[in-house]
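A note on names: the letters A, B, ... follow the listed sequences, proteins ahead of strands, and every chain is numbered from 1.
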Number of protein chains: 2
Amino acid sequence: MNKGISKAVIRRMPRYYRYLGELIENGVERISSNELSEMMQVTASQIRQDLNNFGGFGQQGYGYNVKFLYDEIGRILGLTEIHNVALFGVGNLGHAIANYVSFEKLPFKMIGLFDVDPKKKGIRVSEIPIMMLDEFEEFYKTNRVDIAVLTLPKDAAMPVAERLANLGVRAFWNFAHVDLVMPKGIVVENVHLSESLMQLSYNMTGR
Amino acid sequence: MNKGISKAVIRRMPRYYRYLGELIENGVERISSNELSEMMQVTASQIRQDLNNFGGFGQQGYGYNVKFLYDEIGRILGLTEIHNVALFGVGNLGHAIANYVSFEKLPFKMIGLFDVDPKKKGIRVSEIPIMMLDEFEEFYKTNRVDIAVLTLPKDAAMPVAERLANLGVRAFWNFAHVDLVMPKGIVVENVHLSESLMQLSYNMTGR
DNA sequence: TAGATTGTTAATCGATTAACAATC
DNA sequence: TAGATTGTTAATCGATTAACAATC
């Protein structure tokens, strides 16, 4: 169990990671919390507090070594090993996410695509042929699946998630319009696009 | 300007909306904050506090009328009028989002798709033919665009956003890996898929 | 050494939860 | 009226910011 590091802190880590990656591309070797705070529009204090949840990565009088900090955050975020990903529901969104995961320069590897529509069987997306959902149990015997992506209609999401969880899948990236209720120890990350769109809509009103 | 209602509250409103919609489908007419709190796994106190940011929608001794509350939240979220949407960058993700926006039963209407690749010109996605980015200025003269969706490579996002903002587009749904820096009064809602995936990855470690 | 900047403690601010009087 | 449940104030909890001693 990760010690009690707050969700708010975790949400910010990928953003630090992105900025540090860009600094590396630009050949910047060291940076102070103050310089970074100006770039990122957050307080220097918050940056130091956030990082010190995980350890002292800087040096007084110097600041932070960009490459070192980048690698440390990558390690914290679990980006030092490859995660096998299988996707369920190869509709429009599933199709896009399958390609997305394959193209990103992140250590996530799409290894299987599953759907219930027989017409889709064998069609290749990012070089991976779509399989039938009922073939998953067999597939799972010889393939490690670290993350299941759920790009399914909302009514299908929960039953499929339960089926996968029973087999041993422990992490879900959920795009369906439901709150997955999962036993403890199973990790769920939701991307609710419609909720994002509604927040945008809210912010457009009354200004 | 919306009075100072916190982001945390706004983030929860679409979720209330979803649950209330399901209650309506199930024929439920009234609900107390306590019943809703059990369904949604939040405190009843939070529900009442959240709603009372916008007004007293309940009645002592009775609870909340589901249909009434649903409509009120819809109104708060700006879902009582149709928002015209144009999308920029018709790659995999753009393609999926274009379909998504069109299929959802929400008052967002996809009216234009734009790309820079001449090979895509005229191809139809959700019945809408892809146009060239340079045609947008002309298009904009006769079409109101409320929201621009940016499903572009990160280096293209900022220049395109500026160009659109200069024409008068005031809301952006940004999927590109950049923080758009926009003048005040322009609304940006970010969906950073890679950051979501990294959070999932983090939560998988050390358990 | 002097200057810079972290790591960390303390102060402030904001959000969540608890409690209860108001009222349907 | 009695019971139920809201709306709202007060208490608690957590997150952010400020301050500064430690130290490179």
Side-chain angles (χ1 to χ4, degrees), chain A residues 1-16 19-20 23 28-73 76 179 199 202-203, chain B residues 1-16 19-20 23 28-73 76 179 199 202-203:
Chain A
M1 181 65 189
N2 284 306
K3 30 244 133 42
I5 292 168
S6 81
K7 269 193 170 183
V9 173
I10 303 308
R11 258 200 303 273
R12 288 191 289 267
M13 298 307 285
R15 188 155 177 265
Y16 294 139
Y19 272 83
L20 289 165
L23 286 170
V28 178
E29 275 184 20
R30 51 171 277 202
I31 194 155
S32 70
S33 57
N34 225 288
E35 292 167 298
L36 192 56
S37 88
E38 272 183 33
M39 286 180 54
M40 296 186 64
Q41 302 279 52
V42 295
T43 64
S45 202
Q46 180 163 78
I47 292 173
R48 295 202 300 276
Q49 284 277 21
D50 283 352
L51 297 177
N52 278 93
N53 279 295
F54 302 99
F57 301 128
Q59 198 167 75
Q60 284 98 330
Y62 172 86
Y64 299 88
N65 178 289
V66 174
K67 182 72 174 72
F68 174 75
L69 185 56
Y70 178 81
D71 289 342
E72 284 297 308
I73 294 178
I76 290 163
D179 298 320
Q199 284 170 54
Y202 170 83
N203 287 123
Chain B
M1 180 66 191
N2 285 304
K3 30 241 134 39
I5 293 169
S6 82
K7 269 195 170 183
V9 173
I10 302 309
R11 257 200 304 274
R12 287 191 290 267
M13 298 307 285
R15 188 156 176 264
Y16 295 139
Y19 272 84
L20 290 165
L23 286 170
V28 177
E29 275 184 19
R30 51 171 276 202
I31 194 154
S32 70
S33 57
N34 225 287
E35 293 168 296
L36 192 56
S37 87
E38 273 183 32
M39 286 179 53
M40 296 186 64
Q41 303 277 53
V42 297
T43 64
S45 202
Q46 180 163 79
I47 292 172
R48 295 202 300 278
Q49 284 277 23
D50 282 353
L51 297 178
N52 279 93
N53 278 295
F54 303 99
F57 301 129
Q59 198 167 75
Q60 284 98 329
Y62 172 88
Y64 298 88
N65 178 288
V66 173
K67 182 71 173 73
F68 174 75
L69 185 55
Y70 178 81
D71 288 342
E72 284 297 309
I73 294 179
I76 290 162
D179 299 319
Q199 283 171 54
Y202 170 83
N203 287 124

- Message: Measuring to OP1 and OP2 of C/dT6, would you say a side-chain N or O of A/Arg48 lies under 4.0 angstrom away?
- Response: yes
- Between D/dT16 and A/Ser45, is there an OP1 or OP2 to side-chain N/O distance shorter than 4.0 Å? no
- Between atom CZ in A/Phe68 and atom C1' in D/dC24, what is the gap in whole Å? 15 Å
- Query: Is B/Tyr64 close to B/Ser33 at the side-chain level, that is, under 4.5 Å between some pair of heavy atoms?
  - Reply: yes
- Note on the structure: Heavy-atom nearest nucleotide on DNA chain C taken for A/Gly61 and for B/Gln60; more 5' hit belongs to A/Gly61
- How long is the line joining CD1 of A/Ile31 and P of C/dT6, in whole Å? 10 Å
- Query: Which one, D/dG7, C/dT9, C/dT6, comes nearest to the side chain of A/Tyr64?
  - Reply: C/dT6
- Message: I want to verify a distance call: between C/dG7, D/dT6, C/dT17, whose nearest atom is closest to the B/Ser33 side chain?
- Response: D/dT6
- Message: If I take atom CD1 in residue A/Ile47 and atom C1' in nucleotide C/dT6, what distance separates them, rounded to the nearest angstrom?
- Response: 12 Å
- Whole angstrom value for the distance that separates P of D/dT6 from CG of B/Asn65: 13 Å
- Give the rounded distance in Å between these two atoms: CG of A/Leu36 and P of C/dG7. 13 Å
- Message: Partner lookup for D/dA21, please. Criteria are Watson-Crick or G-U wobble with both distances under 3.5 angstrom; report none if nothing qualifies.
- Response: C/dT6
- Expressed in angstrom and rounded to an integer, what is the separation of A/Leu51 atom CG from C/dT8 atom P? 12 Å
- Query: With a 4.5 Å heavy-atom cut-off, do B/Leu20 and B/Leu23 have their side chains touching?
  - Reply: yes
- Message: So, under a plain 3.5 Å distance rule, would you say the side chain of A/Gln49 forms a donor-acceptor pair with the base of C/dT9?
- Response: yes
- Query: Do A/Phe54 and A/Ile5 have side chains that get closer than 4.5 Å, going by heavy atoms?
  - Reply: yes
- Could you tell me the separation between the CD atom of A/Glu72 and the P atom of C/dG7, rounded to a whole number of Å? 12 Å
- Rounded distance (Å) that lies between atom P of C/dT6 and atom CG of A/Asn34: 8 Å
- Can you tell me if B/Glu35 and B/Ser32 form a side-chain donor-acceptor pair at under 3.5 Å? yes
- Give B/Ser32 one of three labels, base, sugar-phosphate or nothing, depending on what nucleic acid heavy atoms sit under 4.0 Å from its own. sugar-phosphate
- Query: Under a 3.5 Å cut-off for both distances, is C/dA15 Watson-Crick or wobble paired, and to whom?
  - Reply: D/dT12
- Does A/Met39 reach the side chain of A/Tyr19, with side-chain heavy atoms less than 4.5 Å apart? yes
- Query: Of the candidate nucleotides D/dT16, D/dA10, C/dT6, which contains the atom at the shortest distance from the side chain of A/Gln46?
  - Reply: D/dT16
- Would you kindly compare B/Phe57 and A/Arg12 by the position of their nearest DNA chain D nucleotide and give the one closer to the 5′ end? B/Phe57
